[in-house]
2 protein chains.
Amino acid sequence: MKPPSEKSAGRRPSRPSYEPLQPHEIELADFFVRMAGILGVPRSVAEIYALLYVSTGPVDFDHIQGRLGISKGSVSQGLKFLRDHEMILSVKEPGSRRERWQPTPSLAASLVALLRSQVLPALEQAQPGLQRVLADAQARGSQPEVIERLSRLNRWNSRALELAPLLLPPPGA
Amino acid sequence: MKPPSEKSAGRRPSRPSYEPLQPHEIELADFFVRMAGILGVPRSVAEIYALLYVSTGPVDFDHIQGRLGISKGSVSQGLKFLRDHEMILSVKEPGSRRERWQPTPSLAASLVALLRSQVLPALEQAQPGLQRVLADAQARGSQPEVIERLSRLNRWNSRALELAPLLLPPPGA
DNA sequence: GCCTAAGTTCAAAAATTATTGAAACTTCAG
DNA sequence: CTGAAGTTTCAATAATTTTTGAACTTAGGC
């Protein structure tokens, strides 16, 4: 149900109208939005990913904006996020500056990368602090139970940090 | 630097003043706050847990409120959250209505439970929708690549649902 | 080299989420 | 029973996060 005329043939469509998401597309988007929410990824980002995910070929900037009905800024920021986390790839058209986007082959890899990027920095930054907290508790002769808790926390943190690189090698592998 | 007098001996302390968190406690709280943030758990909840975690014995409502400097409402809601997710346990004093709280023995188990409670419902609710999306795509003869993606998503969802109960049995085991 | 399509930036507005605190409820010690 | 300690509730407010859009930058076609 597109607005009447498209000003005849291939004329520059001054405001090409895009179809809103179809029910089946909405359903998928909802799923991604929910999952993303758990990791604190904003709705618009999840929607963009969902759109690329159900789309048959690569999708360009204006289509994303048009079909999702969101602002240029959101599209730009959303694509940046997805790019930074290596969740999407771009294909350049031959005689045009325009980029067209599609999801990275493995969603699994994308998710792991995303998790890493959130959890790792926290673990790394915490390392020295946690050790200090433990040392402190020992120094002041806290209850053995508390010492035990804090030790376990330290061990976990260390093991997580050792395991992390195996889970998915940092950029470049 | 506590407000001058405590009205001498063991008199009912009309507004007992609590020490603010010590540096080592703050350090630990920061760690928990950050980790909690990844899962979208609010700061105040993480702080409460951290306080119980470094404390030598069980801690009561008023101490939590006093030491963290947060409102009654926040403490109540925070404890509710932690209780609901089985991350803390209460010990009742003999001749008093007051409850005192301490962390559940296994933080690991707590975390798994927390994750479950967020992810599982999403997976469950998504199940039928995802199947419909796939069926739809097949019906309309979408690109094989898209079909493949959607199939994989469905398979994952199913496997995750199968695995979930093994990861940690639902309330009662 | 220009000029404009394509995309980015970022301050302000909107939307969402967390916290507060006063009132209401509950439970038990007396 | 009754009173008040102990806790919960929830509407209002505060804090945070997301989205918008207009001004700006950049790249590349001509």
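A note on names: the letters A, B, ... follow the listed sequences, proteins ahead of strands, and every chain is numbered from 1.
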DNA chain D: 5'-proximal contact among Gln77(B) and Gly40(A) (nearest heavy atom): Gln77(B)
Donor-acceptor pair (no angle test) under 3.5 Å: Lys72(B) side chain, dT8(D) base: no
Tell me: [atom1] of [X] to [atom2] of [N], nearest whole Å?
{"X": "Leu39(B)", "N": "dA18(C)", "atom1": "CG", "atom2": "P", "answer": "13 Å"}
{"X": "Leu82(B)", "N": "dT7(D)", "atom1": "CG", "atom2": "C1'", "answer": "16 Å"}
{"X": "His63(B)", "N": "dT7(D)", "atom1": "NE2", "atom2": "P", "answer": "13 Å"}
{"X": "Glu47(A)", "N": "dT18(D)", "atom1": "CD", "atom2": "P", "answer": "13 Å"}
{"X": "Ile70(A)", "N": "dA15(C)", "atom1": "CD1", "atom2": "P", "answer": "15 Å"}
{"X": "Asp62(A)", "N": "dT4(C)", "atom1": "CG", "atom2": "C1'", "answer": "14 Å"}

Under 4.0 angstrom, heavy atoms only, what part of the nucleic acid is [X] near: base, sugar-phosphate, or nothing?
{"X": "Glu99(B)", "answer": "sugar-phosphate"}
{"X": "Leu79(B)", "answer": "nothing"}
{"X": "Arg83(A)", "answer": "sugar-phosphate"}

Residue from Leu134(B), Asp136(B), Leu130(B) passing side-chain contact (heavy atoms from CB on, under 4.5 Å) with Leu28(A): Leu130(B)
Contact check, side chains of Arg34(A) and Gln125(B), non-hydrogen atoms, under 4.5 Å: yes
What nucleotide, of [options], holds the atom closest to the side chain of [X]?
{"X": "Ser76(B)", "options": "dT19(D), dT19(C), dT8(D)", "result": "dT8(D)"}
{"X": "Pro42(B)", "options": "dT9(C), dA18(C), dG21(D)", "result": "dA18(C)"}
{"X": "Arg98(B)", "options": "dT20(D), dG6(D), dT19(C)", "result": "dG6(D)"}
{"X": "Phe61(A)", "options": "dT19(D), dT8(C), dT9(D)", "result": "dT8(C)"}
{"X": "Ser74(A)", "options": "dA18(C), dT9(D), dT19(D)", "result": "dT19(D)"}

How about [X]: does its [atom1] atom have over 12 heavy atoms from other parts shown lying under 6.0 Å from it?
{"X": "Glu148(A)", "atom1": "CD", "answer": "yes"}
{"X": "Arg159(B)", "atom1": "CZ", "answer": "no"}
{"X": "Arg155(A)", "atom1": "CZ", "answer": "yes"}

dT19(C) phosphate, OP1 or OP2, under 4.0 Å from Ser71(B) side-chain N/O: no
